[in-house]
Amino acid sequence: MIVMVTLIAVMGVASVTPVFPSLARALSIRPERTGLLITCFTLPGIVLAPLAGLAADVVGRKRILIPALALFALAGAGCFFTDRFAHILALRFLQGIGAAPLPVVNLTIMGDLFNGRRLNRSMGINASLLSVGTATYPAIGGALGMLGWNAPFLLPLAALPVALMVAAVLPERAEGMPWSRAMQHAREGIGTLGREELLLYLISVLLFVNLYGVALSYIPFLVERNFGGTAVTVGLFMSGVSAGTVVAASQLGRLMACSNVRRLLAAAFALVLSAVLVLPAMPSLWLALIPGLALGTAQGIAVPCTQARLAGIASQRYRGVTMAFLGAALRIGQTVGPVLMGGAYVLCGMWGPFLAGGGIAVLGLVLVVAYPVHCEAE
């Protein structure tokens, strides 16, 4: 059930980005405006992700997941039936409301079930399976895009049987506390956050600014313009990029056993920096896949690493709060990324988002240098 919810949570963006170029042509909109399809989807999560973590403690994990999955499915499929960009953005916003609780509640459930090395291993397995979805959905979305730019928007209907699975499989777990007590609990949880937690939140924001702003929003246009790629070609290339994520995330347990958080994050940002600076200059699609794989590998190292570290250092009592604010941090990165890189595209053309992504990676390396030194001994 956790795996299925994970795969649904990543579907909302990965499956539709391959059709961004054809959608832009069909609806006569500029390329930088397609990023709004991501921004409108992720924007509700900035507020709703922390509230979902609290609500999961108040009313239970199941009562949050089931309606969220249903809304995700119905609003997402609604985009198939309209060709007005404003209507699609409104439906994407509603779909984002349904998507916001999914990763937060899912990670909280994993924190309920596992601890210590088992938690690290389960986070790595979950991240690798998430990456399988990230790798598969672009190819599926690209293939469906050959039928029409709106065909991938039918994929969210898969969330309906997953909602039925949650209803049948997930045992109810709720603290039974009133909202006033939950808010006090949240304030207490915020008070427990230290320098390491805040740095991990900020690092997560930067990672997702690059992932959603550069990789998901502008690699599709790069593949089409520089190499004449179709929707299928874009989808396959994006799947290839995500293959690096799958391999790296699946080895998280081994990586964290032989290294530490600081070194892993430094390596990830160095890979991002090198990848985004050379990707637009590649003379062929096959050569472009090399920095693409490096970009995917960096995400496969850094994202589950930060998630596992936060879940591991959070106390059992405040783990839901800690992971809820991580969800908000991720949504901030997902929302800001396409808008920021859209501005870079307007100013500098196709090179703009990639140069801006390099600047974000440099900032990430600076933050890693500021990471608490005591982590090097762990």
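Note that this is a predicted model, so its numbers are computed, not measured.
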Partner set under ring pair (Phe, Tyr, Trp, His ring centres under 6.0 Å) for Phe20, not counting sequence neighbours: none
Within-4.5 Å side-chain heavy-atom neighbours: Val261 and Leu264: no
Over all atoms of both residues, closest heavy-atom pair of Phe72 and Ala99: CD1-CB, 3.7 Å
Leu27/Ile88 under side-chain contact (heavy atoms from CB on, under 4.5 Å): CA gap, chis, key distance, verdict: CA-CA 11 Å; Leu27 302 186; Ile88 295 174; 4.0 Å; yes
Contact check, side chains of Leu285 and Thr233, non-hydrogen atoms, under 4.5 Å: yes
Straight-line distance of Leu65 CG to Ile8 CD1, nearest 0.5 Å: 11.5 Å
In one Ile/Leu/Val/Met/Phe/Trp/Tyr side-chain cluster, 4.5 Å: Trp351, Val209: yes
Side chain to side chain, Thr306 and Ile203, heavy atoms closer than 4.5 Å: yes
Non-hydrogen side-chain atoms of Arg331 and Leu43 separated by less than 4.5 Å: no
Pair Thr6-Val10, side-chain contact (heavy atoms from CB on, under 4.5 Å): steps then yes or no: CA-CA 7 Å; Thr6 294; Val10 76; 5.9 Å; no
Interatomic distance, Leu271 atom CG to Leu293 atom CG [nearest 0.5 angstrom]: 11.0 Å
Main-chain N/O of Ile332 paired with Thr335 side-chain donor or acceptor, under 3.5 Å: no
From CA spacing to verdict: side-chain contact (heavy atoms from CB on, under 4.5 Å), Leu155, Met11: CA-CA 8 Å; Leu155 282 174; Met11 177 189 292; 3.9 Å; yes
Distance in Å, Leu222 CG paired with Ser217 OG, rounded so as to fall on 0.5 Å steps: 13.0 Å
Co-membership, hydrophobic cluster, residues Leu236 and Leu147, 4.5 Å side-chain: no
Main-chain N/O of Thr245 paired to Ser242 side chain as donor or acceptor, under 3.5 Å: no
Whether Thr34 side chain and Pro31 backbone form a donor-acceptor pair below 3.5 Å: yes
Closest non-hydrogen atom pair, Met341 against Ala356: SD-CB, 3.6 Å
Close side-chain approach of Leu287 to Ser284, heavy-atom, < 4.5 Å: yes
pair Pro291-Met282: side-chain heavy atoms closer than 4.5 Å: yes
Sequence neighbours excluded - salt bridge (Lys or Arg N to Asp or Glu O under 4.0 Å) pairs with any residue from residues 20-37: Arg25-Glu224, Arg30-Glu32
CZ on Phe93 to CG on Leu37, rounded to 0.5 Å: 14.5 Å
Note, Leu23 side chain near Phe153 side chain (heavy atom, < 4.5 Å): yes
Rounded distance (nearest 0.5 Å) linking atom CD1 of Ile29 with atom CZ of Phe85: 3.5 Å
Pair listing, side chain to side chain donor-acceptor pair (under 3.5 Å) test, anchored in residues 199-213, at least two apart: Tyr212-Gln334
Sidechain-backbone polar pair: Thr82 side chain, His87 backbone, donor-acceptor under 3.5 Å: no
Partners passing ring pair (Phe, Tyr, Trp, His ring centres under 6.0 Å) against Tyr218 (at least two apart in sequence or in another chain): Tyr345
Nearest-0.5 Å distance that lies between atom CD1 in Ile219 and atom OG1 in Thr17: 9.5 Å
hydrophobic_cluster_shared for Val19 and Phe221, side chain cutoff 4.5 Å: no
Where at least one partner belongs to residues 77-106, residue pairs that pass salt bridge (Lys or Arg N to Asp or Glu O under 4.0 Å), sequence neighbours excluded: none
Heavy-atom pair with the smallest gap, counting every atom of Ile66 and Ala163: CG1-O, 4.0 Å
Heavy-atom donor-acceptor pair, Ser274 side chain to Ala270 backbone, under 3.5 Å: yes
Nearest heavy-atom neighbours spanning Pro103 and Ala100: CD-O, 3.7 Å
Set of residues satisfying ring pair (Phe, Tyr, Trp, His ring centres under 6.0 Å) with respect to Tyr137, sequence neighbours excluded: none
Heavy-atom pair with the smallest gap, counting every atom of Ala275 and Ala294: CB-CB, 4.2 Å
Same apolar cluster: Val47 and Val205, side chain cutoff 4.5 Å: yes
Shortest non-hydrogen separation from Phe237 to Ala288 and the atoms involved: CZ-O, 3.6 Å
From CA spacing to verdict: side-chain contact (heavy atoms from CB on, under 4.5 Å), Ile2, Ile109: CA-CA 8 Å; Ile2 289 173; Ile109 293 171; 3.9 Å; yes
Any Phe269 side-chain heavy atom under 4.5 Å of Leu363 side chain: no
Qualifying residue for side-chain contact (heavy atoms from CB on, under 4.5 Å) with Val166, from Lys62, Arg61, Met4, Arg63: Lys62
Linked, directly or transitively: Leu198 and Val368 (ILVMFWY side chains, under 4.5 Å): yes
